[in-house]
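Note that this is a predicted model, so its numbers are computed, not measured.
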There are 2 protein chains.
Amino acid sequence: MDDQPRASQTVRTLLQLRELILNGDLSPGERVSELGIVERLGVSRTPVRVALVRLEEEGLVDCLPTGGFVVRAFSETDIADAIQLRGVLEGMAAQRAAERRLSRDALSELRDVVGSLDALVRQRDLTIDDFSDYIRLNDRFHGLLLHLADSPVLKRSMERVLSLPFASPGAFVRVQAELPESREILVIAQEHHRAILDAIENGEGSRADHLAREHSRLARRNLDISVKNQRQLDRVPGASLIRLRRA
Amino acid sequence: MDDQPRASQTVRTLLQLRELILNGDLSPGERVSELGIVERLGVSRTPVRVALVRLEEEGLVDCLPTGGFVVRAFSETDIADAIQLRGVLEGMAAQRAAERRLSRDALSELRDVVGSLDALVRQRDLTIDDFSDYIRLNDRFHGLLLHLADSPVLKRSMERVLSLPFASPGAFVRVQAELPESREILVIAQEHHRAILDAIENGEGSRADHLAREHSRLARRNLDISVKNQRQLDRVPGASLIRLRRA
DNA sequence: GCCGCCCCTATTGTATACAGTAAGGCGTTA
DNA sequence: TAACGCCTTACTGTATACAATAGGGGCGGC
């Protein structure tokens, strides 16, 4: 059961604490007691404190002025902004990738992923497993985009944004899977993927940029849909951190 | 002499350690010994460790796989990428500000700053103090832009990028001050400021975006100039962290 | 003389002890 | 009965002690 037997206490604590927060075992606004975590995870206060500092930098917890930390709550606006920001960063990544005039060979992996996605989306009826595969391939596509941009600075910045789990490219796919028009949305998303690849292959930086930004708006749309239906919102990773303002 | 008598040990340690790194008292690649810092700053290891973790998240130090931290070194490419990223984020900020259709009243502060900058740049001969004033007003302009974007997520992301000191808007102004064409560059930069304000006033989001991106390229150009002249590069904040690849 | 192995030391990861402070509860008084 | 104040308690900030590990230096063998 112990996933990380070799990892240091600090790393294990960070991972487990992050999971506690993302799973909703700790509620937004709730103070994260160091001693409470010590009891739960069976480590001393020192690794817990380090993990809390890192999570604060990640943005999952907030520092209280009086000392200590609380689990952060995220509004619909926060999520929408994070999605927009991801779109902008992916736009920059796509643009850079395009303007590097990469060889056909350097793009073979990206082309393979787009090909796999094509095959997947072409199917009539999509199962739960298909959506899992889609999420995996989609993450891979977005990861490759970032890689092809060849910018550690950009990569780091993106990782920060993605540490908010509902900002990740696959965050709303499970929501979307429940919609009647789910397959059509995948068709559109995949058209974006193909077009982004095409733009990169042809060195069309601005086109790649705009396509990536538009692509992220699909997530934004799914967010809007989810907000109107709390049940669907629960399918989003880190759902427990979302606090909608009362209507 | 003690700037922060009331602040906690942790905060003081973070500020002082950051200063040690930025001043070059600790060289890039050099291991940051906890005990060494303890001796230098007269605090215990605990606040030092917290400060190191925070600085690692900021990107000023790197985690060694064996444990401990080293001061990071930044290449010319890193700096160029950070400047480009800042331009993209400021573009997003400007676009958001524009598309919010802000009232004339909400923009009065930004207009004042642009007015002050106008008056400053209009002068024939610019003194050192004038450049200091320019940096202050310029920072204020960029800060207001971020504020008007009204996005905590974006603000946080920008703060991360700006924690690399040579990515900040004013980083290369002191370099530029030494150039024969320094005043002309200021004239161009100020034209950008005016145009960005105009775009925001008129709700022209895309124009604001592109102007902000182009604006950041002035910093990029100054970087290129600085690289050809090590003496000028030393004027940049955090210069000691910059390691150019041998020609 | 050079290379390799072993031991020692320095440094970090981890745990815990101590002190200061803020918050909450209870009692008293108006 | 409600409000104010004091006291207690539990928490975090800080310091330090202990253990494990990695790296370096020295010694010995080839």
Quiz prompt | Salt bridge present between A:Arg213 and A:Glu90 (N-O < 4.0 angstrom) | solution = no
Quiz item: Heavy atoms under 4.0 Å, any strand shown: does B:Val32 hit a base, just sugar-phosphate, or nothing?
Solution: sugar-phosphate
Self-check item: Spatial distance of atom CE (B:Met158) from atom OG (B:Ser163) [nearest 0.5 Å]
Solution: 12.0 Å
Report all interatomic pairs (protein N or O, nucleotide N or O of nucleotides 7-10 of chain C) with separations under 3.5 Å.
none

Quiz item: For B:Glu76, what residues pass the salt bridge (Lys or Arg N to Asp or Glu O under 4.0 Å) criterion, not counting sequence neighbours?
Solution: none
Quiz item: Between B:Arg160 and B:Glu58, is the closest basic N to carboxylate O distance under 4.0 Å?
Solution: no
Quiz item: Knowing that exactly one of A:Asp133, A:Asn138, A:Asp139 qualifies, which makes a side-chain hydrogen bond (donor to acceptor under 3.5 Å, both in side chains) with A:Arg136?
Solution: A:Asp133
Exercise. Please work out which of the three classes, parallel, tilted or perpendicular, describes the rings of B:His142 and B:His193, given edges at 30° and 60°.
Key: perpendicular
Set out, line by line, the N/O atom pairs under 3.5 Å between protein and nucleotides 13-16 of chain C.
residue, atom, partner, partner atom, Å
C:dG13, OP2, B:Arg49, NH1, 2.5
C:dG13, OP2, B:Arg49, NH2, 2.9
C:dG13, N7, B:Arg45, NH2, 3.0
C:dG13, O6, B:Arg45, NH1, 2.9
C:dT14, OP1, A:Gln9, N, 2.6
C:dT14, OP2, A:Thr10, N, 3.4
C:dT14, OP2, A:Thr10, OG1, 2.3
C:dA15, OP1, A:Gln9, NE2, 3.1
C:dA15, OP2, A:Ser44, N, 3.0
C:dA15, OP2, A:Ser44, OG, 2.8
C:dA15, O5', A:Ser44, OG, 3.4
C:dA15, N7, A:Thr46, OG1, 2.5

Quiz item: Does the distance from a Lys or Arg side-chain N to an Asp or Glu carboxylate O, for B:Lys155 and A:Asp81, drop under 4.0 Å?
Solution: no
Exercise. Flag the pair B:Arg220 and B:Asp224 as a salt bridge only when some basic side-chain nitrogen lies within less than 4.0 angstrom of an acidic carboxylate oxygen.
Key: yes
